[in-house]
Amino acid sequence: MLVSVSVFVTAIMVVSVTANRMNTLASAAARTQMKTFSLLVESVKDAVIRFGSDGETLFISKSATKLFGCPRYELDNAGLFDRIHIMDRPAYLAALSAASRKGLHQTLDIRMRRNPEGPGTTASYIWIELALSPVVDVPGEQGRWEVVGVLRDISARKDAESATNKARVDAEQASEAKSRFLATIGHELRTPLNAIVGFSDMMKAGIGGTPSAQHMEYAGLISQSGHHLLDVVNMLLDMSKIEAGKFEVQAELFDPAGLVDPCVQIVEKSAHDRGIEIRTAIPAKLPQLLADERACRQML
């Protein structure tokens, strides 16, 4: 009987000692793991924060001090949340909840307050990219997980995006203003040009009296020049259509030789005044072209 009791007591003592050793080893392993985690995150340039399953801050890396310009204790508990811009707080809470309760990785851009950098300066908001990753191998209470957050300053990138968006808006506004300008100029030029072309055609038709041969020639030149100017106005409007991707080519068959003389007559006087002689050499029996006649005349 005494031997049995002695064996039982001895077994209990062995189990107790073994359990204590296991607990000691487990605590040492946990401390080693945490120390390794701390050494690792302290070497990272970005700020690292570890949240408990209930949302409290368990660890804050030294990089957070430089990022926010404040000692780490100011980021404990509600200190971190208070630095988030009030408009970004709902998104932050939703992302943290999704990472802690659902085990989902989350990434979002938020604005956070940075302390003044020196005397005479004020606090400012910087853009932070926050990446939240649940620690799924360490389950918390009621199915929640601890969360590791990595914070990176992306203010420079946001400034570049803002400058790019502003340049794009300015370019769109300039393009719209140019289109309005061309439309207005086109309307203002068309009205008098239509009158010039109309009266020159009336003179050629003999309305109001039969003109002399020289006057008929002048009326023809006026009509041709007026039509050419109308085409130029239409070309200006076509430029805006081309930029908008709405230009349509009106292709039809026409004689290319018929383009030469009207174009020469338009510039002949100006060339003569400058001592320039224009000579044309048109091959016989040119084939017809299937193209936009007005665009070809503008090019010639």
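- From His85, atom NE2 reaches atom CD1 of Ile128 across 13.5 Å, with rounding to the nearest 0.5 Å.
- Here CG of Asp76 is found 9.5 Å from CG of Leu80. Values are rounded to the nearest 0.5 Å.
- Between Asp153 and the options Lys66, Lys45, Lys158, Arg114, a salt bridge (charged side-chain N to carboxylate O under 4.0 Å, His left out) holds for only Arg114.
- By the 4.5 Å heavy-atom criterion applied to side chains, Arg297 and Pro262 are not counted as neighbours.
- Arg72 and Glu74 are not joined by a salt bridge, as no carboxylate oxygen comes within less than 4.0 angstrom of a charged side-chain nitrogen.
- In this structure, His272 and Ile276 have side chains that are not in contact, with every pair of non-hydrogen atoms separated by 4.5 Å or more.
- Summarising the geometry of His105 relative to Ser133, their closest heavy-atom pair is ND1-OG, 3.2 Å, with the distance given to 0.1 Å.
- Here the shortest heavy-atom pairing between Trp145 and Pro134 reads CB-CB, 4.3 Å.
- Note that Arg113 lies outside the cation-pi zone of Phe68, set by a 6.0 Å cut-off to the ring centre and a 45° limit from the axis.
- Between Pro90 and Leu93 the shortest side-chain heavy-atom distance does not fall below 4.5 Å.
- Atom OH of Tyr218 is surrounded by 12 or fewer heavy atoms from other residues, nucleotides or ligands within 6.0 Å.
- The CG atom of Leu132 lies 11.0 Å from the CG atom of Leu104; values are rounded to the nearest 0.5 Å.
- Panel note: side chain Arg89, backbone Asp82; a donor-acceptor pair is recorded below 3.5 Å.
- In this structure, CD in Glu146 is found 9.0 Å from CD in Glu56, a value given to the nearest 0.5 Å.
- Between the side chain of Asp292 and the main chain of Gln250, a donor-acceptor pair closer than 3.5 Å is present.
- When all heavy atoms of Pro283 and Leu286 are compared, the pair lying nearest together is O-CG, 3.5 Å.
- Taken from CG in Asp109 to CG in Asp88, the straight-line distance is 9.0 Å, to the nearest 0.5 Å.
- A continuous path of Ile, Leu, Val, Met, Phe, Trp and Tyr side chains, each step under 4.5 Å between heavy atoms, connects Leu130 with Phe81, placing both in one hydrophobic cluster.
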side-chain contact (heavy atoms from CB on, under 4.5 Å) between Phe199 and Ile222, intermediate numbers included: CA-CA 9 Å; Phe199 281 111; Ile222 293 173; over 6 Å; no

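- By the neighbour-count criterion of 12 heavy atoms within 6.0 Å, atom CD1 of Ile86 is sparsely surrounded, having that number or fewer from other residues, nucleotides or ligands.
- A salt bridge links Lys166 with Asp170: the distance from a Lys NZ or Arg NE/NH1/NH2 to an Asp or Glu carboxylate oxygen falls below 4.0 Å.
- At a threshold of 4.5 Å between non-hydrogen side-chain atoms, the residues Leu75 and Cys70 count as touching.
- The main-chain N or O of Ser97 is never found under 3.5 Å from a side-chain atom of Ser100 such that the two would form a donor-acceptor pair.
- In this structure, Ile110 is not a member of the same hydrophobic cluster as Ile154, with clusters built from ILVMFWY side-chain heavy atoms closer than 4.5 Å.
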Evaluation steps, side-chain contact (heavy atoms from CB on, under 4.5 Å), between Val260 and Leu300: CA-CA 8 Å; Val260 179; Leu300 181 59; 4.3 Å; yes

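- Cluster membership for Ile126 and Tyr92, using ILVMFWY side-chain heavy atoms within less than 4.5 angstrom, is shared.
- Side-chain atoms of Thr164 and Arg168 include no donor-acceptor pair closer than 3.5 Å.
- Side-chain atoms of Ser61 come within 3.5 Å of backbone N or O of Val48 as a donor-acceptor pair.
- Closest approach of Met203 to Met216, counting heavy atoms only: O-SD, 3.9 Å.
- Here the CG atom belonging to Leu67 is positioned 7.5 Å from the CE atom belonging to Met112, to the nearest 0.5 angstrom.
- Between Leu151 and Glu129, every side-chain heavy-atom pair lies at or beyond the 4.5 Å cut-off.
- No more than 12 heavy atoms of other residues, nucleotides or ligands sit less than 6.0 Å from atom CZ of Arg152.
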Would you please test Arg111 and Ile84 for side-chain contact (heavy atoms from CB on, under 4.5 Å) and show each step? CA-CA 6 Å; Arg111 290 160 290 184; Ile84 300 176; over 6 Å; no

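- When side chains are defined from C-beta on, Cys296 counts as touching Phe254, because their heavy atoms get closer than 4.5 Å.
- There is a path of hydrophobic side-chain contacts, each under 4.5 Å, that joins Ile278 to Ile282.
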Run the side-chain contact (heavy atoms from CB on, under 4.5 Å) test on Arg50 and Val135 for me, step by step, so that the C-alpha distance in whole Å, both residues' side-chain angles and the decisive distance to 0.1 Å come before the verdict. CA-CA 9 Å; Arg50 185 161 182 166; Val135 186; 3.8 Å; yes

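- Transitive grouping of hydrophobic side chains (ILVMFWY, heavy atoms separated by less than 4.5 Å) keeps Met202 and Leu221 in distinct clusters.
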